[in-house]
Amino acid sequence: MPSAIEQIVDTYVRLKNRRGLDELMMHRQRLAVDLKSRSGYDFSLLIGQIDEEIAIIEAGLSRLKAESAGLGPSSPV
């Protein structure tokens with residue numbers, strides 16, 4: 001079963017909502033920077049999860065770019 005972020009990214013890609021993906025990416029990046037700058041607690045698990053989500057969003061952006069360039073799964077090769 002896909003994770004929540006995978007479902008969100010898939011929906012944004014299907015709707016061709018690049019702005020939504022960009023906003024998701026910026027939010028996750030801000031979270032990562034904020035958590036990495038904090039001390040006193042071990043945020044490594046949370047930072048790892050955010051890094052995984054950033055990778056999922058990047059893959060979604062790549063899929064959206066490929067589909068908009070005519071290289072998507074529905075176009076003939």
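Because the structure is predicted, anything quoted here is derived from the model rather than measured. Heavy-atom basis, side chains included; hydrogens, waters and symmetry copies ignored.
Put simply, Ile47 and Tyr41 are part of the same group of oily side chains (I, L, V, M, F, W, Y) that touch within less than 4.5 Å, one to the next.
When all heavy atoms of Leu64 and Asn17 are compared, the pair lying nearest together is CD2-C, 4.3 Å.
For Glu6 (side chain) and Ser3 (main-chain N/O), a donor-acceptor pair under 3.5 Å exists by modelled atom type.
Cluster partners of Leu45, using a side-chain heavy-atom cutoff of under 4.5 Å among ILVMFWY residues and allowing indirect links: none.
Within the model, atoms CG of Asp34 and CZ of Phe43 stand 8.5 Å from one another, a figure rounded to the nearest 0.5 Å. Here the CG atom belonging to Leu46 is positioned 11.0 Å from the NZ atom belonging to Lys36, to the nearest 0.5 angstrom. How far OH of Tyr12 is from CD1 of Ile57: 9.5 Å, rounded to the nearest 0.5 Å.
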Under 3.5 Å, side-chain donor or acceptor atoms of residues 19-32 against the rest of the protein: list the pairs with distances, not counting sequence neighbours.
residue : atom : partner : partner atom : Å
Arg19   : NE   : Glu23   : OE2          : 3.2
Arg28   : NE   : Glu53   : OE1          : 2.5

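Electrostatic pairing of Asp10 and Arg14 does not count as a salt bridge here, judged by no charged N lying under 4.0 Å from a carboxylate O.
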